[in-house]
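Sequence lines set the chain letters: A, B, ... in the order given, protein chains first and strands last, and positions in each chain run from 1.
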There are 2 protein chains.
Amino acid sequence: MPRINIKDIAQKAGVSKTAVSFAFNNPSRLSEATVQQILTIAEEMGYSPDPVARSMSTGRTGTIGLLLPQPLPEIVRNPFFPEFLEGIGEVCAHSGLSLMLVPPLKGSIRRAIINAAVDGFLTLGLEEFKATMVVLRQRGVPFVTVDSDPIEGVPAINVDDAGGACQAMRHVLSLGHRQIAILAIRSGKQGHYREYVGTLGARMHGYLQALEEYGLTIDRRAIRLLECASTEEGGMESFQTLWKLSRHPTAIIAMSDIIAIGVIKAANTAGLHVPQDLSVVGFDDITMASLIHPALTTVAQPSREKGEIATRLLVKLIEANAKPVHQMLPTRLIERNSVCPPRREEP
Amino acid sequence: MPRINIKDIAQKAGVSKTAVSFAFNNPSRLSEATVQQILTIAEEMGYSPDPVARSMSTGRTGTIGLLLPQPLPEIVRNPFFPEFLEGIGEVCAHSGLSLMLVPPLKGSIRRAIINAAVDGFLTLGLEEFKATMVVLRQRGVPFVTVDSDPIEGVPAINVDDAGGACQAMRHVLSLGHRQIAILAIRSGKQGHYREYVGTLGARMHGYLQALEEYGLTIDRRAIRLLECASTEEGGMESFQTLWKLSRHPTAIIAMSDIIAIGVIKAANTAGLHVPQDLSVVGFDDITMASLIHPALTTVAQPSREKGEIATRLLVKLIEANAKPVHQMLPTRLIERNSVCPPRREEP
DNA sequence: CTCGATCTAACAATCGTTTGAAAAACGTAT
DNA sequence: ATACGTTTTTCAAACGATTGTTAGATCGAG
């Protein structure tokens, strides 16, 4: 038995379909009495306009899509995702929009983009950029990229990952550390850090810049680079790898807090004292960073704002055709208790 | 300039719209050569079937809606929301479905339900139940309620809030506590605990049951009930209120971890030692519960599973018409370090 | 060369709305 | 009664696909 539709109501009320439509969307074009009658009958029969059919006609869905590079379960584990969502949610609520989460469909981002019935996309940290961009373009709806390398003509919201990373590295260097390990999030680039892209690339760039200011560079001896999974285990394993080497670093800089926390835990169980024996810096400022002992020195980014600003821009693009702007939000170093000057060097 | 559509492709390829449609959805009904030709042209012209129009025809959107009782920003702050999402995400990924977050639209859940182009709804902790249920019914798509008082004939997934609460209270009672304060999440019911509904009601019920087993009941003297906001501040204020009274409780049982954490912090700043001077129990087992000092004894629920099972059921309801089942998932008491026997009573 | 079987592809209806343009209804002034 | 300006209401054409049914092409066999 099919859902009750506009024709049924029109028939029952003895008016045309048009009249019923007007009763809902443009009551001023009908007499008050007719509107009331139609609405009453609709209420009685439990009718409401079909959202799909309405979208078909109006060309609007009232929904924006959040395009995710990975399956939902992996994304939501990301500790700053909720904050980002919060920012999006604020703007959505204000504009009366719904939010559709759009992970890859059967492994394909392309399929996901093509299938999503939305008025516009927010993309979060896309990797395979060029291909995806083409699909987005031909999909024909506006989109705003977040956390992707900015491209001319494509609206983009980013945070100053490079600047934050640079601050973090500078902080450590300024305290006198010269034996430093960088723990990068594993990317499949096998340590070829010049090929890093996106967030990863920006952070790496920041680290390198600070090193350069001190006349240093990654040399596999004093300044080392290791890749690991962005998990506690990844951090723990990396610590162990490093501690097997002859010369230990006096500071470890991790590209994510969760890695840094793994390092601290592993260091603790190895009997070391953080920061006296080993300084540790993270990135992201997740909740746990301030709760762990010692509290983690890290780089914070305005996740909520990022979502908010990106969504605001997208809404503008959907409603009118605003200009595709780039915007970069600040990051800042949060100094807590996991960093101090290195011990005097023992000969 | 209108989006390119099926007709354009048909024209260009010199075939009918039907053929183009088949090339995408049912290639076996066309010769291999034709399919290839159509697909190539579609590729060249950047065509893909419009998702809205497709939904219109097929009656399917490929999307399920998560109906939320509050605006997005408030919901995502809820620490177990991500886990719940994770469970939903797993099933969605597996079934090739997208997820639409559906908060109240301009303050109205009804409007939100009516407007959402989805194949089914998951509802999370709905309060105004009867009204919403009616709207959902007439919306004509299947739905599964999560964390709502179960109703005959409506598929529902719940966790054993009552059982968990009962265990928590029993635990405290069995250690000898007889001066106990219950901190309930404020609900507008002004302490009339018999009117609590949903999760709140179930937890309260559990506390009361355990008390009854010991021949006790809420009496405003030994066993007290206080309502507060489910925030750290709420917990802190409640502690202060309680400590102004002549007879202090030896144990505080909070309906949420975040309240319990507020209590612990306030107790610490008041110079008390938890648990020696005051035992504290929470509910939810959020991440912070295990990180705070002392680690919080609390009741854990399988949030991820809850999402997973609910979604699985919804998918079944959408695909065939399965039976509307009720299911209750277990909760369990996690004993950590915030509870111990009360001090010997001083006369 | 014709007939029938087997593939291919096309026709046309359908999904449930919205909306610009046109018709009908109505009241009022001439 | 007629003409005219407002309201009120209806017509019918989109919107962009899918799909059951049917017509036409192709091919081999008789």
Side-chain angles (χ1 to χ4, degrees), chain A residues 1-39 41-42 45-63 114-119 138-141, chain B residues 1-39 41-42 45-63 114-119 138-141:
Chain A
M1 78 198 43
R3 221 169 90 83
I4 205 160
N5 64 17
I6 199 173
K7 208 151 107 195
D8 301 325
I9 302 302
Q11 230 153 43
K12 186 88 171 185
V15 297
S16 69
K17 292 188 301 173
T18 308
V20 177
S21 178
F22 283 154
F24 279 89
N25 308 313
N26 201 352
S28 70
R29 276 186 61 173
L30 257 38
S31 74
E32 187 122 343
T34 315
V35 171
Q36 272 317 313
Q37 188 214 4
I38 292 175
L39 256 30
I41 289 184
M45 305 187 62
Y47 166 80
S48 57
D50 182 285
V52 176
R54 165 177 258 161
S55 294
M56 177 96 246
S57 258
T58 61
R60 280 290 182 94
T61 64
T63 304
I114 285 174
N115 261 46
V118 298
D119 295 335
Q138 75 183 36
R139 175 67 174 72
V141 297
Chain B
M1 81 200 41
R3 220 170 91 84
I4 204 159
N5 64 17
I6 198 172
K7 208 153 117 196
D8 300 325
I9 302 302
Q11 231 152 45
K12 186 90 171 184
V15 297
S16 69
K17 293 188 300 172
T18 309
V20 178
S21 177
F22 283 152
F24 280 89
N25 308 314
N26 200 353
S28 70
R29 275 186 61 172
L30 257 38
S31 75
E32 187 121 345
T34 316
V35 170
Q36 272 317 313
Q37 190 215 4
I38 293 174
L39 255 30
I41 290 184
M45 306 188 61
Y47 166 79
S48 57
D50 182 285
V52 176
R54 165 178 256 157
S55 293
M56 177 94 246
S57 263
T58 61
R60 280 289 182 96
T61 64
T63 304
I114 285 174
N115 261 42
V118 297
D119 294 336
Q138 76 183 37
R139 174 68 175 72
V141 298

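One interatomic measurement links the two molecules: CD1 of B/Ile9 to P of D/dA17, which rounds to 9 Å at whole-angstrom precision. The CZ atom of A/Phe22 sits 12 Å away from the C1' atom of C/dA22 (whole-angstrom rounding). A/Ile6 has its CD1 atom 11 Å from the P atom of C/dT19, to the nearest Å. Atom CD1 in B/Ile38 sits roughly 12 Å away from atom P in D/dT18 (whole-Å rounding). Atom-to-atom, CD1 of A/Ile114 to P of D/dA17 comes out at 12 Å; the value is rounded to the nearest Å. Following rounding to the nearest Å, A/Arg54 (CZ) and D/dG16 (P) show an atom-to-atom distance of 18 Å. The distance between atom CD of B/Gln11 and atom P of D/dA17, rounded to the nearest whole Å, is 13 Å. In this entry the distance linking CE of A/Met56 with P of C/dC15 reads 15 Å, nearest Å.
Among the heavy atoms of the strands lying under 4.0 Å from B/Tyr47 are primed sugar atoms or P, OP1, OP2 only; no base atom is included. Heavy atoms of B/Ser55 sit nowhere under 4.0 angstrom from any nucleic acid atom. Across all strands, B/Lys7 comes closer than 4.0 Å to no nucleic acid atom at all (heavy-atom distances). Residue B/Val15 is classed as a sugar-phosphate contact, given heavy-atom separations below 4.0 Å to backbone atoms only. Nucleic acid contact class of A/Val52 (heavy atoms, under 4.0 Å, all strands): none.
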For this session: Please assess A/Ser31 against A/Thr34 for the test side-chain hydrogen bond (donor to acceptor under 3.5 Å, both in side chains), listing each intermediate value before the final yes or no.
Result: CA-CA 5 Å; A/Ser31 74; A/Thr34 315; 2.6 Å; yes

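Contact annotation: A/Ser16 side-chain N/O to D/dT9 OP1/OP2 distance is not under 4.0 Å. OP1 and OP2 of C/dT18 both lie 4.0 Å or more from every side-chain N or O belonging to A/Asn26. Of the side-chain N and O atoms in B/Thr34, one or more sit less than 4.0 angstrom from OP1 or OP2 of C/dA9.
Of the two residues contacting DNA chain C, namely B/Arg29 and B/Ser57, the nearest-nucleotide position lying further toward the 5' end is that of B/Arg29. If you find the closest nucleotide of DNA chain D to A/Lys17 and to A/Glu32, the one lying nearer the 5' end belongs to A/Glu32.
Note that the OH atom of A/Tyr47 and the CD1 atom of B/Ile114 stand 10.0 Å from one another [nearest 0.5 Å].
A side-chain donor-acceptor contact under 3.5 Å links A/Arg3 to the backbone of B/Arg139. Judged by distance alone, with hydrogens and angles left aside, the side-chain atoms of A/Ser21 form no donor-acceptor pair with the main-chain N or O of A/Lys17 at under 3.5 Å.
Among the nucleotides D/dA17, C/dT18, C/dG16, the one closest to any side-chain atom of B/Asp50 is D/dA17. Checking D/dT9, D/dT10, D/dT18 against the side-chain heavy atoms of A/Ser31 singles out D/dT9 as nearest. Listed candidates were D/dT10, D/dA17, C/dT17. Nearest to the side chain of A/Thr18 is D/dT10.
The closest side-chain heavy-atom distance from A/Ile38 to A/Val15 is below 4.5 Å. By the 4.5 Å heavy-atom criterion applied to side chains, A/Pro27 and A/Phe22 are not counted as neighbours.
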